[in-house]
Structures are given as C-alpha cells and as structure tokens.
There are 2 protein chains.
Amino acid sequence: MANKTQTTAHATQPPVDNGNCDLPRNTLSLFGTDSHMGATIYFDQNSEIYGENEPADYVYKVLSGTVRTYKVLNDGRRQVGAFYLPGDVFGLEIGDEHTFSAEAITDSSILVVKRSAVIAQAARDNGVARELWAATARELRRTQDHLLLLIKNAQERVAAFLLEMADRSQAGGAIELPMSRQDIADYLGLTIETVSRTLTHFETAAAIELPRSRRIVLRNRSVLNKLNA
Amino acid sequence: MANKTQTTAHATQPPVDNGNCDLPRNTLSLFGTDSHMGATIYFDQNSEIYGENEPADYVYKVLSGTVRTYKVLNDGRRQVGAFYLPGDVFGLEIGDEHTFSAEAITDSSILVVKRSAVIAQAARDNGVARELWAATARELRRTQDHLLLLIKNAQERVAAFLLEMADRSQAGGAIELPMSRQDIADYLGLTIETVSRTLTHFETAAAIELPRSRRIVLRNRSVLNKLNA
DNA sequence: CGACCATTTGATATGGATCAAGCGATGTGG
DNA sequence: CCACATCGCTTGATCCATATCAAATGGTCG
C-alpha cells in the first residue's frame, strides 16, 4: 500500500455499520462471509489508497464510501477510470504494479486482502481461479463500455453517467452523488462547465431535478434512455 | 461461429506459409505447438469471423493476416475495439456472447479452438487457468490504454497509433498498414479527413514519409514520442 | 458575518467535424 | 492500349460542439 496512505488512513476496528455491502455485482467469494483473510481499513476523504506504479500487493473491496481510480496524464489532465461503490472489488491486477491510482472520494471503509493469499487460494481452488478471471473480465467489460462512452457527445455521456449511477446505487429515481463535478468531468472526458451546463439543460428539459448539486432526481428516464441508446 | 462466416470463409488445409505467428505477446499455451485442439480456418478480406451478441463458442488466434473487432452504435457510427496481428489471441470472453464483432481486414488464416475445451483444460491445469486470466488482463490493459488515447487530441492519437503499429509489427521504421483510413479513424475516434490531414502534417514536419498511403516510414520518432508522452 | 470552495452562468475561441471537390491508383470494357 | 468508371485518399472551406476564460452565485465552516 502507498506510503502516503499510512499518513491519512486510520487502521482501526472493522466498522459497525456496513449496511449495503452485499451487492451481487463484482464480488469475490474470497471477500465473502469468512473475511478472516483481510483487514478493514478506514480511509479519509481524498486520501490515497494506492498510487499508480506501486506494487499491487493487495486487493480491495469497498464496504462503505466511494472510491475513484485515476491516471494523471503528462499534461496534467486527469482521467478517472472508475467509481467503486460498496460491494465493488478494485485493485485486482495481474501485473505486479497498479496501472491506476486509487483514492477515497468520501470517508470509506475498505476490506483489504493480500493478493498473494488470493492467488494461492486460486491455485488450490479452481472455483476461486474462475472468479478471479470473472472479476477481471467484468472490469474489462466496464472499461469497454467506458471507452464507448468517450466517443459520444456531451449529453449522451452525462445521460449515461446518470443512468449508470442510478442503476448502481439502486435508489429508485434519486441519486446522492458522492463525487464532485470535477470527478464526473474527468470520468466523462469533459470539463466541469460542460457537465454543469448539460445538467442544467436536462433540468430545463424536465428530465431531472437538481434540489442540491449533489442530489439528482431522475424525472424522465425515457429522455435519458433515448440519449443512452 | 457466425452463419455469415460459413459463406465467406474457406475451411481448407492449414497454411503452408504462416511465417510470423510466434510472437511472445498475447499467446496462450493452449495455442502452442500441439495445436491438435483447434482447426485453421481461412477468412477472406472483409468477411465476418463472428458477430456481436453471437455465442462465444470459440477462441481465436491470428496465424496470418489482420483482424479488427468493432461495435456499431445506434447512430451508425462504428468504433473499432482493436486490431489483431499474427500471434494475437482474440474472442476470449467470459460471458456467453461476444461483445464486439470481428472481421478479417485482409485475407487471414485463423486458428480456432473450442472455448469449452480451453475452459475444461483450465479446470484441470491451473497453469492454463492462470494464462486464461492473464490473457483477459492483457486485454484489459490494452483497453485501458485505448481509453486513455480517446481523451487526447488528434495529433497525439495518430502518433500513438503509428508508434503502436510500428512496435507491434516490429518492422524497424517502416510500417505496411493492412487497414484503411476509415479503420484507423474508427479506432481513434476521429474522421478519415482528420487522420489524413494529421498524417500529411507529420510528413510536412518530416516526422514520417508516406511513399504510398498504406506504407509509412517513421523518420523522426522523437517527434512522435513527444506527442505520445 | 466573512472567507472559501464548489458550482453555475456567460462570452469567446478553437479543434475537429462536416460538406464538397479534386486526385491518383486500379480495374474494366470497348 | 486507352478512355472511363470506381474507390480510397487528400485537400479545401465552413460550421459547430465543447473548451477556455471570466465572473457571479451559493453553500459551508470558522
């Protein structure tokens, strides 16, 4: 794990409240009920979980909070690779180093498991091996979808983002966004201004409501779906 | 395999000449020396190897020729997912269906192996299981790199493409492109006009030479590398 | 209350798309 | 063997979506 991490993370006891951490998606049985393999670590908002090019010695699962992975290009621009919500696994690499950095977007509790332990388990149990493969394949699928997003126009990208978040946080209609406009912009390959304008446009078109900047109510999904098609 | 494929492909004897098919990259031992597991099939230029959403019953390895995978969006635009050169494995999915379509860019000979055979082998031999995982992880890495390309400007995208092709075809300085400008444009998320203009610009800047439209000589890599950083 | 930061809104600039025409290689039929 | 059609590529002119630059607004915390 990153050096920087140690300075900001609080390695304390497992959380009392980790309510919505049993989503079916992106879960490894390795992280299942018998979690004696890993430790729960708390990360403060904006603290680094690991950095690009650091050794990938651990695999992570979000118990609560939200995580972003990202890469900073030579010209200083940042590309967010993914957002990880409770239940999601991230940081699983086959190479020895992380290809993206990871940070907690909000205060987060993260289950951390030694990668070597996971791989050793996979060597013994080919069900585990298959799950490891499946998790990587899911990540591949997600990345392909993300790639397809980046060739669309601004409205289509933002609509897709809203629908994705609504779906993943399964909060029927209303989304509480943990991430900033900058995070969204860097995920969608747009500027914050364009994201903001597009949201305003959707609000004007009565497709969404924006009671607060981080709270979005989907009013007319078919409008968004049409853009998403 | 696709129905359409049967009409265009020639299932004939293995090729006499499959010179450069033993690249270290993206190879599965499953496709190694004892290839009794698979059959070699010939595909004519522009013939379909498989279609999006078709059952992913086979895994493929390019012996000679070049393959493109792609997806057509609802608005008719096409995104090329990848180009596969001799030695490359493609079509490996964890779901039951292909997420992209695949076509031969030039007349190609392709080694085809039943997916179920590969998976059965993986269940017995965890070295094979690990390779299966590694192949998917490599594909993930490639897709991540491709995604990062799409947020760059036109010059950077074209430079990256040229360097990638030069590297992969290891033809020291001169590249013989098997794909059209349209293929390149659809891979890079640009139009053919922009690709063409950018190449002309690189030629004017003495970074490349264009003796023929499909032949590109890299004259000054550092210029291209600077853009690629 | 006032400072600060995130977000929105406004005005302008620009890179690449679009529309349109020209060019060069390849192949075909007279 | 040469006109001519065709196709892939290049070049030119213009337009437009989104970036950029700049300022206003609003929510949060001391």
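These numbers come from the heavy atoms of this one structure, side chains and all, not from hydrogens, waters or symmetry mates. Order of the sequence lines sets the chain letters (A, B, ...), proteins ahead of strands, with each chain counted from 1. A quick note: this is a predicted structure, and the numbers were derived from the prediction, not measured.
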Can a donor-acceptor pair be found, under 3.5 Å and without considering hydrogens, that links the side chain of B/Thr106 to the backbone of B/Pro178? no
Using atom types as modelled and distance alone, determine if a side-chain donor or acceptor of A/Arg77 lies under 3.5 Å from a backbone N or O of B/Ile151. yes
So if I take residues 206-229 of chain A and measure heavy-atom distances to DNA chain C, which residues fall below 4.0 Å? A/Ser213, A/Arg214
Nucleotides bounding contact with chain B, strand DNA chain D, heavy-atom threshold 4.0 Å: D/dC9 to D/dA13
Would you mind classifying the nucleic acid contact of B/Thr200 as base, sugar-phosphate or nothing, using non-hydrogen atoms under 4.0 angstrom? sugar-phosphate
B/Thr143 (side chain) donor-acceptor with B/Glu139 (main chain) under 3.5 angstrom: yes
Rounded to the nearest 0.5 Å, what's the gap from CG on B/Leu199 to CG on B/Leu210? Could you check? 5.5 Å
Going through the distances and angles, do B/Arg68 and B/Asp183 end up as a salt bridge (charged side-chain N to carboxylate O under 4.0 Å, His left out)? CA-CA 8 Å; B/Arg68 65 177 164 248; B/Asp183 287 331; 3.0 Å; yes
Whether B/Tyr60 and B/His98 hold their rings parallel, tilted or perpendicular, with breakpoints at 30° and 60°: tilted
Stepwise side-chain contact (heavy atoms from CB on, under 4.5 Å) check, B/Arg219 with B/Ile208: CA-CA 5 Å; B/Arg219 271 260 152 266; B/Ile208 65 170; 5.6 Å; no
Got a salt bridge between B/Lys71 and B/Asp186, using NZ or NE/NH1/NH2 to carboxylate O under 4.0 Å? no
Would you call B/Glu164 and B/Arg168 a salt bridge, taking side-chain N to carboxylate O under 4.0 Å as the test? yes
So that I can tick it off, tell me whether B/Lys226 and B/Glu156 are bridged by a salt bridge, with the cut-off set at under 4.0 angstrom between side-chain N and carboxylate O. no
Where along nucleotides 16-24 of chain C does protein come under 4.0 Å, by heavy atom, of base (B) or sugar-phosphate alone (S), with - for untouched nucleotides? SSBB-----
